[in-house]
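Accompanying notes for the structure given below.
Both counts, for ligands and for their atoms, begin at 1 and track the order of listing. Any value given below was found using the heavy atoms of this structure, including those in side chains, with hydrogens, waters and symmetry copies removed.
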Amino acid sequence: MALTPEDVDRDFKQVFALVHHDRQDGFLRWEDAPDPLMLVWSPRIFEFLQVMENTISFSPARGICREVGYGSGHEGALRSLQAMGVESESPVDALLMLPRILAGSGWGASAVEYDDATSRVTWTFPNGTSVGVAAERAGPRADPACAFFEGFGAGWVKGSLGLAVEFVETACRGRGEPQCLFESRPLG
Ligand SMILES: [Zn+2]
């Protein structure tokens, strides 16, 4: 399922219509989520990975980014499905909300494919993720930049399909490739 520009526009309006501002505490909140919502520039999110790469060896840095993304994706799936009115009895519909919520949130337009014979999920950002584009602007790198998204996608798959997978980013704008591509592998 590929998003049209009209879909992206509609989802942007729908996602941001659920944001409200509290003039007392100065926080944004989304729908009835208790946690404040922050708008953060994508280069700052990429800096998490860069800082960790500079302080610990590469694999643990990706793992930590993935873990933060996982929590966000898992909670995001459960909360978004409720807020956007997707029936929880339809796990695949819930999975397919992932591109709509993310393009609506400004993370980048993507397409998700689910093969129910193999339970594999392929998730493609034809123009890269927002973080991948920030990484490309920071200069060429040898490794993919979007570990946060790897975790986010795995969390979303768990929150929608109930499947335990990990995503591996096999192409990345941050590495000079035209798109960011994530492929799932079963866990356990
Ligand atoms: Zn990427």
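Annotation: Q179, atom CD; neighbour count of heavy atoms from other residues, nucleotides and ligands within 6.0 Å is above 12.
In this pair, F149 and F125 present their aromatic rings perpendicular. The plane angle is above 60°, beyond the 30 to 60° band.
Counting only distances under 2.8 Å, and ignoring water, the protein N, O or S atoms around the Zn ion (ligand 1) are C146 SG, E169 OE2, C172 SG, C180 SG.
With sequence neighbours excluded, the residues satisfying side chain to side chain contact (heavy atoms under 4.5 Å, CB included) with D35 are E75. Residues satisfying the side chain to side chain contact (heavy atoms under 4.5 Å, CB included) criterion with F27, sequence neighbours excluded, are D25, R29, P36. In terms of the side chain to side chain contact (heavy atoms under 4.5 Å, CB included) criterion, residue partners of R66 (sequence neighbours excluded) are, by chain and number, R62, E150.
Checked for salt-bridge contact, E169 and R175 miss the test: no charged N lies under 4.0 Å from a carboxylate O.
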